[in-house]
Amino acid sequence: MNYTQIRELLEWVEKSTFTNISISLGGANVSAGKQAAGGGFYPEMYPSYAPAMAMQHAPVAASAQATADVPAPKLADPDETTQKASGHIVASPIVGTFYASSNPEKPAFAPVGTKVKKGDVLCILEAMKIMNEITADVDGTVAQVFAENGQMVEARQPLFRIE
């Protein structure tokens, strides 16, 4: 990739709804991103996660001529078992790394059996070194946690089932 193609890619990402993209082309790897609206990184709140958090992206195949015309990836639907389960599913709004607590030494925000109210923090999703708190959008009890601490999650992937 040359400088002009990289610049076009950055302009395209800025205008798009993507918050990040990675492309591998002919041995060159290019990653571009922007801060999601409403996201913020507060190192004083998450000091142990702040130092060396690097999101790993799957490469996106693209031709050099079609850099600005890369189609949006098709997002996976939640798995059948979660669709049939009773209760409310809290899905990931973004791609990122799932953290059950604000610090590895602290207990999880919402393990199974925890009673939560609308607005309570369920987990943290780290994307591009930005810690995003995911909150409950209903009152209830956490019946199931679908992600493991440190696991990469996709957008719309189920994270919690609240009954």
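Note that these values count all heavy atoms, side chains included, but never hydrogens, waters or copies made by symmetry.
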Nearest atoms (heavy-atom pairs only) where [X] meets [Y]:
{"X": "Val153", "Y": "Ala147", "answer": "CG1-CB, 4.0 Å"}
{"X": "Lys115", "Y": "Asp120", "answer": "O-OD2, 4.5 Å"}
{"X": "Ile162", "Y": "Ala136", "answer": "CD1-CB, 4.2 Å"}
{"X": "Pro107", "Y": "Ser101", "answer": "O-CB, 3.2 Å"}
{"X": "Ala127", "Y": "Val95", "answer": "CB-O, 3.5 Å"}
{"X": "Phe98", "Y": "Val145", "answer": "CZ-CG1, 4.1 Å"}

(request) Before giving the answer on side-chain contact (heavy atoms from CB on, under 4.5 Å), spell out for Leu122 and Phe109 the whole-Å C-alpha distance, their side-chain angles and the decisive distance to 0.1 Å. (result) CA-CA 5 Å; Leu122 298 173; Phe109 289 116; 5.7 Å; no
(request) Report yes if some heavy atom in the side chain of Met131 is under 4.5 Å from a heavy atom in the side chain of Ile124; otherwise report no. (result)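 In contact.
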(message) Just to verify, what does Pro111 make a side chain to side chain contact (heavy atoms under 4.5 Å, CB included) with, not counting sequence neighbours?
(response)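 Expected list: Ala108, Thr114.
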(message) Using side-chain contact (heavy atoms from CB on, under 4.5 Å), reason through Ser92 and Ile134 one step at a time and then give a plain yes or no.
(response) CA-CA 8 Å; Ser92 174; Ile134 306 304; over 6 Å; no
(message) Whether the side chain of Asn132 engages the backbone of Leu125 through a donor-acceptor N/O pair (distance < 3.5 Å, no angle test) should be reported.
(response)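 Judged by distance alone, yes, a pair lies under 3.5 Å.
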(message) When you measure from the side chain of Glu148 to the backbone of Gln151, do you find a donor-acceptor pair of N or O atoms at a distance under 3.5 Å?
(response)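 A pair under 3.5 Å: no.
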(request) With sequence neighbours left out, write down each residue that passes side-chain hydrogen bond (donor to acceptor under 3.5 Å, both in side chains) with Asp137, or none if nothing qualifies. (result)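 Per chain and number, Asp137 pairs via side-chain hydrogen bond (donor to acceptor under 3.5 Å, both in side chains) with His88.
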(request) Could you list the residues that satisfy side-chain hydrogen bond (donor to acceptor under 3.5 Å, both in side chains) with Glu163, not counting sequence neighbours? (result)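 Glu163 satisfies side-chain hydrogen bond (donor to acceptor under 3.5 Å, both in side chains) with Ser86, Arg161 once adjacent residues are dropped.
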(message) Can you tell me how far apart CD1 (Ile89) and CZ (Phe146) are? Round to the nearest 0.5 Å.
(response)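 The CZ atom of Phe146 is 4.0 Å from CD1 of Ile89, to the nearest 0.5 Å.
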(message) Please evaluate residues Tyr99 and Glu126 with respect to the criterion side-chain contact (heavy atoms from CB on, under 4.5 Å), reporting the C-alpha separation (whole Å), side-chain torsions for both, the decisive distance (0.1 Å), and the verdict.
(response) CA-CA 8 Å; Tyr99 293 107; Glu126 184 268 329; 3.7 Å; yes
